[in-house]
Enquirer: 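Can you keep this structure in mind? I'll have questions shortly.
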2 protein chains.
Amino acid sequence: MSQRLLVIEDEPTLARLLSYNLTQEGYEVTTSDHGTTGFERAVQEPFDLIVLDLMLPGMNGFDILGKLRGKGIATPVIILTAKNAEEEVVQGLKLGADDYITKPFGVSELLARVATVLRRVSGVKEEAAPQTSDSAIRLGKLEIFPEKYEVLLGGTSISLRPKEFEVLLYLARKPGVVLTRDDLMNAVWGFDYIGGQRTVDVHVSSLRKKLELEPESVHIDSIRGVGYKLVINKGSAHHQPQ
Amino acid sequence: MSQRLLVIEDEPTLARLLSYNLTQEGYEVTTSDHGTTGFERAVQEPFDLIVLDLMLPGMNGFDILGKLRGKGIATPVIILTAKNAEEEVVQGLKLGADDYITKPFGVSELLARVATVLRRVSGVKEEAAPQTSDSAIRLGKLEIFPEKYEVLLGGTSISLRPKEFEVLLYLARKPGVVLTRDDLMNAVWGFDYIGGQRTVDVHVSSLRKKLELEPESVHIDSIRGVGYKLVINKGSAHHQPQ
DNA sequence: ATTTCATTGTAAACGCTGTGTAAAGTAACG
DNA sequence: CGTTACTTTACACAGCGTTTACAATGAAAT
């Protein structure tokens with residue numbers, strides 16, 4: 001049984017992005033684009049976690065959070081806030097938020113926070129969590145430990161810089177599947193990041209150099225005109241569909 | 001139970017093309033060639049998705065989209081826009097569009113987007129399964145994995161270039177059915193692409209060379225004066241009980 | 001049959017676009 | 001300040017798509 005999330009976010013683009021990615025993760029997502037109605041839903045239905053934008057029409061995020069806690073509703077809350085709003089964060093946490101993310105943020109960062117908060121709150125409950133974002137990923141000779149920021153290739157640790165790590169992590173979560181530069185941008189750099197088109201390429205390039213210790217078993221393929229995919233070669237065996 | 005689509009598009013050629021192909025896909029398609037009437041239909045009847053051209057007589061796409069969302073109608077919308085109109089896209093997405101396509105676009109691209117949006121909205125979870133994926137096409141010894149950009153022929157991977165891949169994919173979506181060069185042009189190159197008449201032929205030719213590893217089970221037939229069709233021969237040498 | 005014309009097959013050439021990557025430039029961090 | 005990480009820029013190159021030209025095939029007409 002999947003966990004239920006409520007996303008209170010008015011900007012459609014962001015709301016959709018969040019809804020999409022959280023759903024992909026296996027959560028059951030409800031969205032609300034208005035403060036008042038969002039608050040009402042949060043009161044009426046039981047959610048496992050609420051993602052709450054602080055800037056909202058109708059009723060702002062602080063009010064919602066305050067009133068919820070006032071009513072004794074302890075549903076975990078992650079607040080979304082603008083970059084340079086340290087006070088907002090502090091106030092939000094004082095009102096009982098469980099975590100916060102500043103915009104712009106990467107999708108993978110959000111997923112990690114959501115998973116972390118859920119785990120923290122419900123005790124360790126691995127089975128209930130979907131593809132827990134931060135459990136280890138093992139693909140042939142490649143092992144990724146998100147919570148440790150560590151990658152093993154054939155048993156030996158390789159040191160990746162943060163952005164390289166995240167790119168690899170996102171690729172590794174859908175092995176074999178082509179991800180566009182846009183996908184990777186959204187996941188690693190944030191949904192509204194506006195940057196050069198080649199940034200992803202450069203990171204993939206340096207990632208390749210560090211992965212080529214095991215070129216047979218792990219490598220990143222380019223699909224011209226589309227994007228990149230992580231290719232895993234387990235053992236020397238043939239294809240064994242199952 | 002098929003899904004209901006509304007296409008709001010004034011250019012007759014394009015409207016017909018969209019209507020035809022979407023109907024072929026199994027959708028129930030309604031078209032409207034005017035902004036005002038299109039909007040009214042969208043308000044009155046429940047649709048699963050709306051394909052909306054932004055340039056329309058009567059009432060432009062932005063107005064329609066804005067008013068729909070204003071009325072609380074959350075039907076998913078894919079907007080059609082000209083190539084060099086980045087702002088239009090941004091504005092459209094802000095108004096609550098779910099996706100966009102820039103003209104010219106290939107029919108297959110549109111079909112893919114429609115399917116994606118519908119799936120996303122209906123909350124079906126997409127799994128990154130290693131070998132099995134619901135979007136995979138299996139025809140005898142031919143297996144196509146669109147999201148991996150990979151084609152297996154008798155279990156071994158064959159490398160196709162992007163255009164070859166798309167041509168094969170489109171042929172494979174209607175195995176045994178003759179598709180005209182025009183069909184393929186529309187699907188792969190875009191509905192208003194203006195190019196030489198022989199381009200399709202050349203791609204089919206090179207595709208044949210790569211497919212002839214299994215000439216018995218998979219090949220492309222020419223129908224003189226008409227077009228091409230993909231022929232699949234199931235049966236021999238494999239576990240086909242009947 | 002033989003000729004004639006239209007259609008299709010395909011190799012080769014050309015130009016363009018996307019990609020790899022080094023290196024310079026910029027920001028963050030201590 | 002010095003170091004590290006990240007981004008942008010620039011340039012070279014490889015791959016791809018399209019066109020072209022000519023060969024091969026098939027159909028229709030005589």
Side-chain angles (χ1 to χ4, degrees), chain A residues 83-84 86 102 104-106 108-109 149 151 158-171 178-185 187-190 192-212 215 219-231, chain B residues 83-84 104 106 109 149 151 158-171 178-185 187-190 192-212 215 219-231:
Chain A
K83 187 101 185 180
N84 304 314
E86 192 63 25
T102 58
F105 53 84
S108 51
E109 189 183 348
Y149 256 61
V151 174
I158 61 178
S159 78
L160 300 181
R161 291 173 298 190
K163 283 279 187 287
E164 290 168 354
F165 180 86
E166 288 188 70
V167 169
L168 178 61
L169 180 59
Y170 198 67
L171 285 170
V178 183
L179 298 171
T180 66
R181 292 173 172 75
D182 250 34
D183 291 337
L184 290 166
M185 266 285 167
V188 176
W189 278 265
D192 62 355
Y193 179 88
I194 298 163
Q197 318 300 337
R198 310 303 310 282
T199 306
V200 174
D201 302 32
V202 173
H203 284 273
V204 168
S205 174
S206 53
L207 201 43
R208 276 178 173 148
K209 254 187 288 189
K210 298 185 178 181
L211 287 178
E212 71 186 5
H219 62 103
I220 298 172
D221 262 17
S222 303
I223 310 298
R224 170 172 261 253
V226 187
Y228 297 102
K229 70 175 175 183
L230 184 68
V231 178
Chain B
K83 187 99 184 181
N84 304 314
E109 189 183 347
Y149 264 76
V151 174
I158 61 179
S159 76
L160 300 181
R161 293 175 294 187
K163 281 280 187 286
E164 290 168 356
F165 182 87
E166 288 188 70
V167 169
L168 177 61
L169 182 58
Y170 197 67
L171 286 170
V178 185
L179 298 170
T180 67
R181 292 173 172 75
D182 252 32
D183 290 337
L184 290 166
M185 265 286 166
V188 176
W189 279 266
D192 62 354
Y193 178 88
I194 299 162
Q197 315 303 327
R198 309 303 312 283
T199 306
V200 174
D201 303 32
V202 173
H203 283 276
V204 169
S205 171
S206 53
L207 203 42
R208 277 176 173 149
K209 251 189 292 187
K210 297 186 178 181
L211 287 178
E212 70 187 6
H219 62 104
I220 298 172
D221 263 16
S222 303
I223 311 300
R224 174 168 267 252
V226 187
Y228 298 101
K229 71 174 175 183
L230 184 68
V231 178

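Residue numbers begin at 1 in each chain, while the letters A, B, ... track the order of the sequences.
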Enquirer: Quick check: do A/Met185 and A/Val200 have side-chain heavy atoms less than 4.5 Å from each other?
Expert: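 In short, these two side chains touch, coming nearer than 4.5 Å.
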Enquirer: Could you report the tightest heavy-atom contact between B/Pro215 and B/Glu212, atom names first, then the distance?
Expert: CD-O, 3.2 Å
Enquirer: A side-chain contact here means heavy atoms from C-beta on lying under 4.5 Å apart; do B/Trp189 and B/Ile194 qualify?
Expert: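 B/Trp189 vs B/Ile194: side chains apart.
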Enquirer: Just by modelled atom types, is the A/Ile220 backbone N or O under 3.5 Å from a matching donor or acceptor in the A/Arg208 side chain?
Expert: yes
Enquirer: I want to check something: taking the side chain as every heavy atom from C-beta on, are A/Val188 and A/Lys163 in contact at a cut-off of under 4.5 Å?
Expert: yes
Enquirer: Can you tell me how far C1' of C/dT17 sits from CD1 of A/Ile223, to the nearest Å?
Expert: 17 Å
Enquirer: I'd like to know if A/Arg181 reaches the base of C/dG18 with its side chain such that a donor and an acceptor end up less than 3.5 angstrom apart.
Expert: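 Per atom types, no contact qualifies.
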Enquirer: Please work out if A/Phe165 contacts a base, only the sugar-phosphate, or nothing of the nucleic acid, heavy-atom cut-off 4.0 Å.
Expert: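 A/Phe165: no heavy atom of the nucleic acid under 4.0 Å.
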Enquirer: Could you check whether the side chain of B/Arg224 and the base of C/dT8 have a donor-acceptor pair of N or O atoms closer than 3.5 Å, going by distance alone?
Expert: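 In this structure, the two groups form no donor-acceptor pair.
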Enquirer: Tell me whether the OP1 or OP2 atom of C/dT7 has a side-chain N or O from B/Tyr228 closer than 4.0 Å.
Expert: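 No.
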Enquirer: Considering only heavy atoms from C-beta outward, does the side chain of A/Leu211 approach that of A/Ile158 to under 4.5 Å?
Expert: yes
Enquirer: Does a nitrogen or oxygen in the side chain of B/Ser222 sit under 4.0 Å from OP1 or OP2 of C/dG9?
Expert: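 Yes, such a contact exists.
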Enquirer: In the structure I gave you, are the side-chain heavy atoms of A/Leu171 and A/Leu184 within less than 4.5 Å of one another anywhere?
Expert: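 They are in contact (side-chain heavy atoms under 4.5 Å apart), so the answer is yes.
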Enquirer: Give the angle between the helix axes at the two ends of the helix from C/dA1-D/dT30 to C/dG30-D/dC1, taking five base pairs at each end and rounding to 10°.
Expert: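 For the helix from C/dA1-D/dT30 to C/dG30-D/dC1, the axes at either end differ by 30°.
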Enquirer: Could you give the CZ-to-P distance, from A/Arg161 to C/dA28, as a whole number of Å?
Expert: 17 Å
Enquirer: On DNA chain D, reading 5' to 3', which nucleotide is the first and which the last to sit with an atom under 4.0 Å from a heavy atom of chain B, could you check?
Expert: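 That gives a stretch of D/dC16 to D/dA27.
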Enquirer: CG of B/Asp182 versus C1' of C/dT7: gap in Å, rounded?
Expert: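 In whole Å, C/dT7 C1' lies 16 Å from B/Asp182 CG.
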Enquirer: In whole Å, I'd like the distance from the NE2 atom of A/His203 to the P atom of C/dA22.
Expert: 15 Å
Enquirer: How many whole angstroms separate atom CZ of B/Arg208 from atom P of C/dG9?
Expert: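 Rounded to whole Å, this separation is 5 Å.
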Enquirer: Regarding A/Thr199, tell me which of base, sugar-phosphate or nothing describes its non-hydrogen contacts under 4.0 Å with the strands shown.
Expert: base
Enquirer: Scan nucleotides 11-15 of chain C against the protein and return all N/O pairs shorter than 3.5 Å with their distances rounded to 0.1 Å.
Expert:
{"unit_1": "C/dA11", "atom_1": "OP2", "unit_2": "B/Lys209", "atom_2": "NZ", "d": "2.6"}

Enquirer: Just jot down the side-chain contact (heavy atoms from CB on, under 4.5 Å) partners of A/Arg161, sequence neighbours excluded, or say none.
Expert: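 Checked A/Arg161 against side-chain contact (heavy atoms from CB on, under 4.5 Å); matches are A/Glu164, A/Ser206, A/Lys210.
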Enquirer: Is the shortest side-chain N/O distance from B/Ser206 to OP1 or OP2 of C/dT10 below 4.0 Å?
Expert: no
Enquirer: Output the distance between atom NE2 (A/His203) and atom CD (A/Glu166), rounded to the nearest 0.5 Å.
Expert: 10.0 Å
Enquirer: Side chains of B/Thr199 and B/Val202, heavy atoms from C-beta outward: is any pair under 4.5 Å?
Expert: no
Enquirer: Mind calculating the distance between NE2 (A/His219) and C1' (C/dG20) to the nearest angstrom?
Expert: 16 Å
Enquirer: Which residues satisfy the side-chain contact (heavy atoms from CB on, under 4.5 Å) test with A/Val178, sequence neighbours excluded?
Expert: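 Only A/Ile223, A/Val226, A/Lys229, B/Tyr149 meet the side-chain contact (heavy atoms from CB on, under 4.5 Å) criterion with A/Val178.
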Enquirer: Distance check needed: C/dT7 C1' versus B/Asp201 CG, whole Å only.
Expert: 9 Å
Enquirer: Quick one: B/Ile220 CD1 to C/dG9 P, roughly how many Å, whole number?
Expert: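 In whole Å, C/dG9 P and B/Ile220 CD1 are 10 Å from each other.
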Enquirer: Can you list the residues that meet the side-chain contact (heavy atoms from CB on, under 4.5 Å) rule with A/Arg198, with sequence neighbours excluded?
Expert: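 side-chain contact (heavy atoms from CB on, under 4.5 Å) check on A/Arg198 returns A/Asp201.
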